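None of these values were measured; they are calculated from a predicted model. Numbers for residues simply follow the sequence, beginning at 1. Remember, it's 1-based here, ligands and their atoms both numbered in the order they're listed.
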Amino acid sequence: MTEFTFYTVPMSRGQISRWALHEAGADYEHRLLDWGSRPESYKAINPMNKVPALVHHHGDHDHVVTEAAAINHYLAETHPDKGLLPDAHEMAAYFRWLFFAAGPLEQAVLAKAMGWEVPEERSGMAGFGSFDLAVSAIDDWLKKNDFAAGSRFTMADTYVGSQIDWGLQFSTIGETPAFKAYVERIRQRPAYGEAKAIDAKLIEEASQE
Ligand SMILES: N[C@@H](CCC(=O)N[C@@H](CS)C(=O)NCC(=O)O)C(=O)O
């Protein structure tokens with residue numbers, strides 16, 4: 001039995017956590033689910049019925065992690081020798097941008113894609129303020145820093161980077177010189193290529209069925 005079971009759909013946010021599994025060199029097997037139908041039993045793993053989800057088979061018991069950002073950080077914690085965790089000086093930026101990308105940034109991008117307008121006078125109630133404010137906050141950081149936690153790649157980049165990468169690919173985030181350069185840097189990671197190739201092959205196979 002592998003140490004981890006990874007529940008995913010190839011064309012989904014599961015790609016974010018598959019990248020993390022490969023960065024960590026985790027011993028895992030995947031269980032593929034469909035977009036439309038999920039076995040009822042899956043709700044015991046994720047009551048939200050969403051992917052990705054990770055089950056850590058830990059001795060005589062299992063730990064379940066859901067939420068791509070949490071899964072990715074959990075993998076960094078469980079593989080501490082891989083250099084993916086922040087050091088004491090990187091930790092503030094690491095958590096700041098990891099949580100920012102999973103919260104305000106994702107909400108801002110989704111709200112825009114759905115056409116949900118936040119009235120200007122009520123932007124103080126919205127955690128992301130406004131789309132422009134949220135996107136420029138991370139853009140400004142990446143103008144001055146090569147990576148989420150500072151000058152080197154950490155696990156935070158698998159999540160922050162995926163948000164920017166997908167945003168540029170699907171034009172839900174406008175390209176800026178800092179975003180373009182950041183995405184070029186993270187795409188050079190061998191683990192990014194390995195993980196993306198697995199999902200691309202699964203997507204291709206499914207399209208031929
Ligand atoms: N906040 C979750 C979002 C997960 C999510 O929305 N997953 C989508 C696929 S990208 C899903 O499973 N949707 C199917 C559904 O809700 O029925 C995370 O970051 O992991």
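Where the criterion is an N or O separation shorter than 3.5 Å, residue side chain and backbone included, R13 meets it with respect to ligand 1. In terms of polar-atom proximity, defined here as any N/O pair under 3.5 Å, A68 does make such a contact with ligand 1. For E67, a nitrogen or oxygen atom sits less than 3.5 Å from a nitrogen or oxygen atom of ligand 1, counting backbone and side chain alike. Taking distance alone, with nitrogen or oxygen atoms compared against 3.5 Å, K50 approaches ligand 1 more closely than that limit. Residue V51 has at least one nitrogen or oxygen atom sitting less than 3.5 Å from a nitrogen or oxygen atom of ligand 1, judged on distance alone. Any N or O atom pair closer than 3.5 Å counts here, and R38 shares at least one such pair with ligand 1.
Here the heavy atom of the protein found nearest to atom 17 (O) of ligand 1 is N49 O, 4.2 Å. Nearest protein heavy-atom contact of atom 13 (N) of ligand 1 is W35 CZ3, 3.4 Å.
In this structure, F95 has its ring center closer than 6.0 angstrom to the ring center of H73.
Side chains of Y74 and H56: a donor on one and an acceptor on the other come within 3.5 Å.
For the pair R187 and E184, the salt-bridge criterion is not met [side-chain N within less than 4.0 Å of a carboxylate O].
Both tests pass for R185 against the ring of F147: distance under 6.0 Å to the centre and angle within 45° of the axis.
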